[in-house]
Amino acid sequence: MVDKRWWKKVGRRDWRKGGRWCRRKTADEIELYSLVVVPFEQSSACNSKVTQDFKGLLLLMAEAIAAGAGVAAAIIQGKTALWEPLKQTIALSKDMDEIHGALDDAMQTLIAKRDDHEDMVQRHKTTMTPSNAYTNWNHRVNLVAKEVDDLKAKYTKERKKSSWFSIGSRSSFTKKMRKTAARVFALMEEDTHLVDVLVDKKPACVVEMITSKITNIPTLQQPLEQTLGWLCDKRVRGIRIHGLIGSGKTTIMENLNNHVKVAEMFDIVIWVTVSREGSIENRGIDQIQQVIIQRLKLNIGVTTTIDLIASRIREELINIKYLLLLDDVKEDLSLDKIGIPISENGSKIVFTTRLRHVCSSIATRQTNVATLNRKEALDMFKSVLDRPHLAENSNIKRLMPLIVNWCGYHPLMIKVAAGVFRVKETEESWHDGLINLRKWPEKGDDTMQEIYKLLACFFDSLKVVQKKCFFYSALYPEDSDIQKDCLLDNWAADELLDTVDDVEGTRVSGRDILDYLKMLSLVEENTQQCIRMHKLIRLAALYNLSTNEDQENLVKFGEALKNPLDVECWKNKRWISLVDSKMNALPDEPDCPKLSTLFLQKNPNLEVIPRAFFNHMQGLRVLDLYDTRISSLPSSVLNLVTLKVLYLQKCVALVELPHDIGNLQKLEVLDTRGSGLANIPPQVERLICLRRLLVSFTSSSSSSPVQEAAEDIKVISKIPKLKELVVDLIKAIGGSWKINFPNEKLLQKYIDKFNGEVSNNTISQVLGNDVAIELVNHNELEHLSNFTPANMNKIRSCVIKGCNKMRTIVDGNTGGSLILNNLEQLHMINLPFLKNISEGPMQGLNNLKTLILSNCPMLTWVCTYGVILQLPEIRHLEVKGCSEMKEIFSGPVNVVSPVLPNLKKLILVDMPQLTSILVSNSFEWPSLERLKILGCPELKRLPFRKDGAAKLKSIETEKSWWEALENDKDVKEQFQRYCTLS
């Protein structure tokens, strides 16, 4: 029999032991106790003090094993053994107290199981939802739990009665307990067969898109409203939105996708981009089907034929009201082959196209996107220009209509032109810019070549270095997110940037160029880490490259290159980009002495690189093999003596690097994340110029993570110039574990606890090389100050993202030790429970220069006034999307000014409750150059006096916010000229 006292003790949610409160045991721990400890208690060996001590050890072992991944199988085998004693007690005992105790024990076990399931539901609530079977089971568990609680209350009353005079009532009460117990055991048994507790969430009705508002542009708003009206018309099946290239068709449909009425009218909205840039054909039927399958979250299993997939899509859509949005249709499309059913339930299809005749069998209505009128074009130019002080200059104002007229009132041309003139501050530069425009022919018919030529004149306004970097960015395919860090590394490796003595100086130069290209609207910021290039601008850039006789390039993506390109195609090329070209073979030995960049990424059919392939590429500096299926690198790769950047990310078949990889003495960046490499290869330590290493580890369950970690640390410590180590977390899949730093404890081991496993100075060497650290999705990490301070003080840059338990950086319990004392950049993103930077007196961070906080919903203030005084080096402070933020710094009314003497850039975005920077809203900012405040309606005052920001050059905010400011009139007049109002 199981010890009743132990069952009662561990069955409670919280229980007292040795004067302290302990957490409740999980269902698995309770069950394991019965399997491991109880049989030992019942054996004849359990007598002496030695065996009693052994029993204590078994208890500890039971708890440890229950927390491990292999416990599930052992528990399932022992479930019958666990319940049987309780069942026997309830069935055979005539003692009311004993039956009640057994029922209580069983109920506590059932509740523990329910709570375990609920914990799992909460952990996955963003992507999954409870199954109907589990919801029903959970409901019945709650009902029986209430019933047991009622029986407990009646039990207390029965015990107070005399047993002699209440025999009848006790007998009846005992029957009720047995009946309830039967339901409890049935639910416990049912739980063992409950396979799917969670299932995938149903697809959202609408996936909103980031796009420009068009309510103030009637030429674009009118087709949108016309389309909305037709969506309500039962007679309308399909709608064609027709217009010239770059006229705003896609923007109209993006606004349609996001419109609130659409979400009310349809069960689901499906967006498909039908064609690739530069192509005269649609994507293949199979590619369009894959987009729809992903949107509908269909599990098609091993179904591979187009017809079978079409049948599965048709089966899913036939009974729901859908809206299918098809963007950029180039030729007739067979909806039947895709699997789109013809429904009479109000489902609709809307598509955009440049060709009036396309899909006439589908379109029962058509709306045309006209050219902007003169006023709209001028308003758009001023809006994109975003320089009110220029618009008020009478001489410059007279030039604006001439510019938009030259652009032919074309939205994309206007956007690019405004970007070019945005950086011209004088009347003379505007006149010169207009003269340069007029050197090009007037806008003619809507042909791709004409627009390429028109856009080319804007490219000519770039400096030589800027132009090279811009054209290089066009090597990436359509709709791709271009990682900023990778792009900057590639620019530097290809020697496009002005020569700078140090690496960081080179990156600064690259970032300045990237910012300039964004200002000109030639590239667009997609996320904090990525940029994109508009497809029309990319096509124009590639057209310009193709006509440049000084530099030959080969760019083909999205094309089916079933056979290797002729070796002659490779000759004399400087840049070659064959991204996503469906290639499965490469030429044996191409002659490419001038080649500096080779992009082969996203070719999953490419499995082998010929042995002599790299023999004649002595000048290659950037090689990208991302997401190919190569299993090895050929020996000729060692001939790439100038190679600086090597991307092997997602090369899942690649399990080792060449033994002599250390011969690549110029290699600076190596990315092996998601590849088949299980650890950091020891050969890497011989890469004497390596400064950036991006890895993820794969550890089998049979290997020793401690030993592997020690070996990794040894390798890292021997890389002499390593500045940045980026480690990706890969979760467990199937029976093997792919882990690295999955929780705070293992990260602690890497940083702190291996001094006994490796040499005493190893950790200090690893973290002592000005490293950068990224912590992403570490769900047990609460703060950084629980790491040993001495081993963290050489970190220069830290990114913390998606750490769901992170509440602060420094918890105030560092024992007087400084922590992160050399940290210069701190980025904190998507931290749902972050409350502040420091919970007590600040010990460290006093060299911090950049502080960025984004989407931290529990943050009400960044830090106290006392803490901010200890951070005098901050140059860049950015706070975004912190919905509960009320003031940036919490502190007294009277402050010593200046608060942040070196702050140059202050950005505050989307904080609806923010009322002040500091309670005292007027103090000096001697170094402030840029101020950006958007979406902060309750912030009523500028945080300085008329003479409090002498170096301020730019204020970016909304016009309505600026007009509602409560500052003195002379303050607003002083800074009005620096404003960019939206």
Please determine if [X] and [Y] form a salt bridge, counting it only when a charged side-chain N lies under 4.0 Å from a carboxylate O.
X	Y	answer
K330	E281	no
R611	D588	no
D489	R691	yes
R629	E607	no
E524	K415	yes

Please give me the minimum heavy-atom distance between [X] and [Y], naming the atom from each residue.
X	Y	result
N572	E552	O-CB, 3.6 Å
P634	I609	CG-CG2, 3.7 Å
L487	S473	CD2-OG, 3.8 Å
L722	R692	CD1-N, 4.1 Å
R673	D671	NH2-OD2, 2.8 Å
P590	P587	CD-O, 3.8 Å

Give a yes or no answer on whether the side chain of [X] reaches the backbone of [Y] with a donor-acceptor pair at less than 3.5 Å.
X	Y	value
Q294	V291	no
R538	Y476	yes
E495	A492	no
R422	V384	yes
N603	S581	yes
E929	S954	no
S675	L648	no

Candidate pair E878 and K880, rule salt bridge (charged side-chain N to carboxylate O under 4.0 Å, His left out), full reasoning: CA-CA 7 Å; E878 184 172 334; K880 293 182 176 181; 3.1 Å; yes
Donor-acceptor pair between N490 and Y647 side chains, under 3.5 angstrom: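 Side chains of N490 and Y647: pair found under 3.5 Å.
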Pair E589-H616, side-chain donor/acceptor within less than 3.5 Å: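 On atom types as modelled, these side chains qualify, holding a pair under 3.5 Å.
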D624 vs L600, side chain to side chain contact (heavy atoms under 4.5 Å, CB included): CA-CA, chis, key distance, verdict: CA-CA 6 Å; D624 195 336; L600 298 174; over 6 Å; no
With side chains defined as the heavy atoms from C-beta onward, is the minimum distance between [X] and [Y] less than 4.5 Å?
X	Y	result
N615	N639	yes
T850	I874	no
S631	V655	no
V684	L690	yes
L606	L586	yes
H876	L851	no
L646	T672	no
V465	L496	no

So does [X] have more than 12 non-hydrogen atoms from other groups sitting under 6.0 Å from [atom1]?
X	atom1	result
K849	NZ	yes
K463	NZ	no
E656	CD	no
K904	NZ	no

Side chain to side chain contact (heavy atoms under 4.5 Å, CB included) evaluation trace for I630 with V608: CA-CA 5 Å; I630 60 169; V608 176; over 6 Å; no
Supply the atom-to-atom distance [X] [atom1] to [Y] [atom2], rounded to the nearest 0.5 angstrom.
X	Y	atom1	atom2	result
M617	L640	CE	CG	8.0 Å
M583	K602	CE	NZ	15.5 Å
C530	Q483	SG	CD	4.0 Å
L667	K644	CG	NZ	10.5 Å
L677	C651	CG	SG	9.0 Å
M828	I800	CE	CD1	4.5 Å

Parallel, tilted or perpendicular: rings of Y472 and W575 (30°, 60°):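 It falls in the perpendicular class, over 60°.
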Steps toward ring-ring contact (aromatic ring centres under 6.0 Å, His included) verdict (W491, F470): CA-CA 10 Å; W491 283 353; F470 166 68; 9.9 Å; no
Test log, rule side-chain hydrogen bond (donor to acceptor under 3.5 Å, both in side chains), inputs N847 and E873: CA-CA 6 Å; N847 280 313; E873 297 300 319; over 6 Å; no
Option passing side chain to side chain donor-acceptor pair (under 3.5 Å) with D494 (candidates K468, R621, R574):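 That would be R574; it is the only one of K468, R621, R574 passing the side chain to side chain donor-acceptor pair (under 3.5 Å) with D494.
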Residue that, paired with D627, satisfies side-chain contact (heavy atoms from CB on, under 4.5 Å) out of Q601, Q649, K650: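 Single pass found, and it is K650.
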Check against side chain to side chain contact (heavy atoms under 4.5 Å, CB included), I482 and K484: CA-CA 6 Å; I482 307 172; K484 293 179 187 176; over 6 Å; no
Full working for ring-ring contact (aromatic ring centres under 6.0 Å, His included) between F599 and Y626: CA-CA 9 Å; F599 284 174; Y626 166 87; over 10 Å; no
Evaluation steps, salt bridge (charged side-chain N to carboxylate O under 4.0 Å, His left out), between D432 and K424: CA-CA 10 Å; D432 292 342; K424 301 181 184 298; over 6 Å; no
Chi angles and distances behind the side chain to side chain contact (heavy atoms under 4.5 Å, CB included) call for F614, L623: CA-CA 11 Å; F614 296 112; L623 175 59; 3.7 Å; yes
